[in-house]
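Note on naming: letters A, B, ... go to the chains in the order of the sequence lines (proteins, then strands), and numbering restarts at 1 for each one. Note that the coordinates shown come from a computational prediction; the quantities given were computed from them, not determined experimentally. Note that these values count all heavy atoms, side chains included, but never hydrogens, waters or copies made by symmetry.
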2 protein chains.
Amino acid sequence: MGASQAKQLNSSEPRTQSQDSRDEILKAAMQLFANRGFHETSMSEVAREAQVSKALIFWHFKTKEELFVAVLKRLLEPYFIDFAEEAAMDERAQIEKLVEAYLLFVRDNASSVRFFLAQMLHDERLSESLSDQVLKLYSGYRAMLVELIGRAQQKGICARRTAPESAAAFLLSALNGLLIEYLFMGANAVDPEGAVAMVAEWLFGILPGSSSTEGGGAPAA
Amino acid sequence: MGASQAKQLNSSEPRTQSQDSRDEILKAAMQLFANRGFHETSMSEVAREAQVSKALIFWHFKTKEELFVAVLKRLLEPYFIDFAEEAAMDERAQIEKLVEAYLLFVRDNASSVRFFLAQMLHDERLSESLSDQVLKLYSGYRAMLVELIGRAQQKGICARRTAPESAAAFLLSALNGLLIEYLFMGANAVDPEGAVAMVAEWLFGILPGSSSTEGGGAPAA
DNA sequence: AATCCGGCTAACCTTTCGGTCAATGGCAAC
DNA sequence: GTTGCCATTGACCGAAAGGTTAGCCGGATT
């Protein structure tokens with residue numbers, strides 16, 4: 001049960017009472033859709049949860065699907081975090097930071113991540129726009145990884161000599177694997193720190209220690 | 001126009017005509033459930049698809065849920081393949097074979113894998129038994145990996161010195177990552193051969209060539 | 001004061017859902 | 001032929017689904 005969503009309201013907009021009820025509906029729908037799914041959630045339930053009449057929901061949203069995509073949109077908001085590339089860090093530290101950010105994000109938003117994943121797997125039609133956005137996020141993340149790995153290789157701090165694209169793809173696969181492991185096994189099965197260390201070892205060499213180390217030799221057989 | 005579809009029957013069991021219809025129902029339900037999901041599939045649809053009356057379905061299966069778990073059971077059958085450990089191979093070849101088997105299986109059963117994944121993510125209650133079985137399969141696979149890696153380390157053919165459990169966990173994560181990549185991006189995004197090579201490189205050293213089996217290395221996309 | 005309109009609701013509509021039931025055809029045993 | 005069971009069916013049921021409609025209410029506009 002993720003708390004933590006207080007929608008910032010711009011004091012500039014006067015916030016009519018209509019928006020209040022609309023918000024209440026969205027909040028209720030968010031909870032229900034995320035926990036039970038689209039088809040298993042009825043409009044009457046949403047109405048009850050939001051403490052409004054069912055008709056009011058249809059006044060705000062033409063159809064159930066429209067409400068659903070509105071909910072998707074709102075649920076997606078926390079996903080647009082910007083990974084501020086701190087220029088001070090070297091590539092290794094940046095990559096480690098990126099990986100850690102991914103895992104921490106998944107941990108903090110597990111319920112909505114699970115929901116999105118299930119939704120995209122299941123209802124391709126209903127969640128086309130969702131898939132688009134998630135895919136965009138995903139490839140943005142991948143692009144950052146590719147670039148960082150490329151730079152690291154040029155600087156010679158990277159042990160792997162595979163094409164940055166392949167390395168990033170493999171790395172992302174590992175992350176996604178950890179994601180689903182997390183979703184099924186729960187928190188105890190995955191520790192971000194350990195994963196970061198493993199990734200670092202894979203990419204940079206055998207040293208598991210801190211990121212300050214320079215020039216890891218190829219591990220070789 | 002009833003029976004006649006060629007279902008292999010064990011000559012030992014006489015196969016009543018009831019079993020025929022039951023089979024037809026299961027076949028139809030399998031298709032519909034897998035393509036649309038549980039809640040989006042109605043019993044009337046199943047009946048129409050199976051060309052029987054709705055009442056007959058309820059004669060064979062007490063409830064919709066009972067039909068569903070029967071379908072799950074049947075869909076799970078191809079998952080129980082035995083990885084015949086060919087004692088002739090060395091550990092490296094065995095591990096590569098195992099990894100390849102995983103990926104090939106996913107490719108060949110993509111639709112049901114997707115279905116199971118979505119189902120388990122979404123409807124924990126409905127698919128408890130499913131989760132149990134999948135989990136059992138999964139940990140069996142993991143156990144084989146752990147043992148193989150352990151033996152490989154003892155023999156000295158393994159480059160990684162991480163605990164076999166950790167190595168296997170990471171490897172499995174990578175595989176699962178490839179799985180979901182495959183489910184979303186489609187066939188073109190993932191090539192098993194390349195992945196096997198990458199895994200081999202990671203575990204055993206830099207040599208990309210496989211030890212015993214022939215592998216036509218396709219260039220990465 | 002009369003009007004208008006955005007926000008809101010109770011009641012209602014149609015369709016479909018999962019599930020039941022009484023009735024029936026076919027077929028083997030007697 | 002009759003009995004009796006298995007397999008099968010069409011008709012039916014109450015509940016709940018998504019969605020509509022007519023109308024109420026209260027504040028701003030004239």
Side-chain angles (χ1 to χ4, degrees), chain A residues 9 13-72 119 122-123 125-127, chain B residues 1-5 7 9 13-72 119 122-123 125-127:
Chain A
L9 61 90
E13 298 183 24
R15 174 147 278 270
T16 74
Q17 81 190 109
S18 149
Q19 282 169 319
D20 267 348
S21 69
R22 190 190 150 97
D23 224 63
E24 217 60 35
I25 291 168
L26 271 175
K27 231 175 60 186
M30 218 165 71
Q31 234 213 65
L32 289 169
F33 280 144
N35 293 347
R36 301 143 84 95
F38 178 76
H39 297 276
E40 299 88 315
T41 300
S42 75
M43 296 302 261
S44 314
E45 279 176 306
V46 175
R48 192 182 327 125
E49 194 73 17
Q51 287 173 275
V52 295
S53 71
K54 196 174 53 162
L56 181 58
I57 304 182
F58 284 99
W59 189 84
H60 279 297
F61 309 91
K62 265 187 272 288
T63 69
K64 187 185 179 185
E65 294 203 9
E66 192 178 305
L67 170 61
F68 186 66
V69 310
V71 165
L72 286 189
Q119 191 59 42
H122 180 59
D123 243 327
R125 194 199 108 256
L126 237 178
S127 24
Chain B
M1 1 205 165
S4 74
Q5 259 320 334
K7 160 80 183 183
L9 59 90
E13 297 186 24
R15 175 147 277 271
T16 75
Q17 81 191 106
S18 150
Q19 281 170 318
D20 268 347
S21 69
R22 189 191 151 98
D23 224 64
E24 219 61 32
I25 291 168
L26 270 174
K27 232 175 59 187
M30 218 166 71
Q31 234 212 65
L32 288 169
F33 280 144
N35 293 347
R36 308 172 190 250
F38 179 76
H39 296 277
E40 300 87 315
T41 300
S42 74
M43 296 302 261
S44 315
E45 280 176 306
V46 175
R48 192 184 325 125
E49 194 73 17
Q51 288 172 276
V52 295
S53 69
K54 195 175 57 162
L56 182 58
I57 303 182
F58 283 98
W59 187 84
H60 280 296
F61 309 90
K62 264 186 273 286
T63 69
K64 187 185 181 186
E65 295 202 7
E66 191 178 306
L67 171 61
F68 186 66
V69 309
V71 165
L72 285 189
Q119 190 61 41
H122 180 58
D123 243 328
R125 193 199 110 255
L126 237 178
S127 22

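For Ser42(B), the listed nucleotide lying nearest its side chain is dC17(C); candidates were dC17(C), dT20(D), dT9(C). Here the nucleotide nearest the side chain of Val52(B), chosen from dT9(D), dC8(C), dG18(C), is dT9(D). Comparing dT9(D), dG18(D), dC8(C) by their nearest atom to the side chain of Leu56(B) picks out dT9(D). Among the nucleotides dA17(D), dC8(C), dG19(D), the one closest to any side-chain atom of Phe58(A) is dG19(D). Here the nucleotide nearest the side chain of Ala55(B), chosen from dT9(C), dT9(D), dG19(D), is dT9(D).
Atom pair Asp23(B):CG and dT8(D):P shows a separation of 12 Å (rounding to whole Å applied). Distance, Arg22(B) CZ to dC6(D) P: 16 Å, rounded to whole Å. Rounded to whole Å, atom P of dG18(C) lies 12 Å from atom CG of Leu126(B). Between the NZ atom of Lys64(A) and the C1' atom of dT20(D) there is a distance of 17 Å, given to the nearest Å. Here the P atom of nucleotide dG19(C) and the CD1 atom of Ile25(B) are 14 Å apart, to the nearest Å. Atom C1' of nucleotide dG19(D) and atom CD of Glu45(A) are separated by 17 Å, given to the nearest angstrom. Atom pair Leu67(B):CG and dG19(C):C1' shows a separation of 13 Å (rounding to whole Å applied). Atom CH2 of Trp59(B) is separated from atom P of dC5(D) by 14 Å (rounded to the nearest Å).
Close to dT8(D), at under 4.0 Å from its OP1 or OP2, lies a side-chain N or O of His60(B).
Counting distance only, with no hydrogens placed and no angle test, the side-chain atoms of Lys54(B) and the base atoms of dG10(D) include no donor-acceptor pair under 3.5 Å.
Each of Ile57(B) and Thr63(A) was matched to the nucleotide of DNA chain D holding its nearest heavy atom; the match closer to the 5' end belongs to Ile57(B).
Using a 4.0 Å cut-off between charged side-chain N and carboxylate O, Arg48(B) and Glu45(B) make no salt bridge.
Closest heavy-atom contact between Ile57(B) and Val52(B): CG1-CG2, 4.2 Å.
Between Phe33(A) and Leu72(A), the closest side-chain pair of non-hydrogen atoms is not below 4.5 Å.
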Could you go through the side-chain contact (heavy atoms from CB on, under 4.5 Å) check for Phe38(A) and His39(B) one step at a time?
CA-CA 10 Å; Phe38(A) 178 76; His39(B) 296 277; over 6 Å; no
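For the side-chain hydrogen bond (donor to acceptor under 3.5 Å, both in side chains) with His122(A), the qualifying choice from Arg36(B), Glu40(B), Gln119(B) is Glu40(B), the only one to do so.
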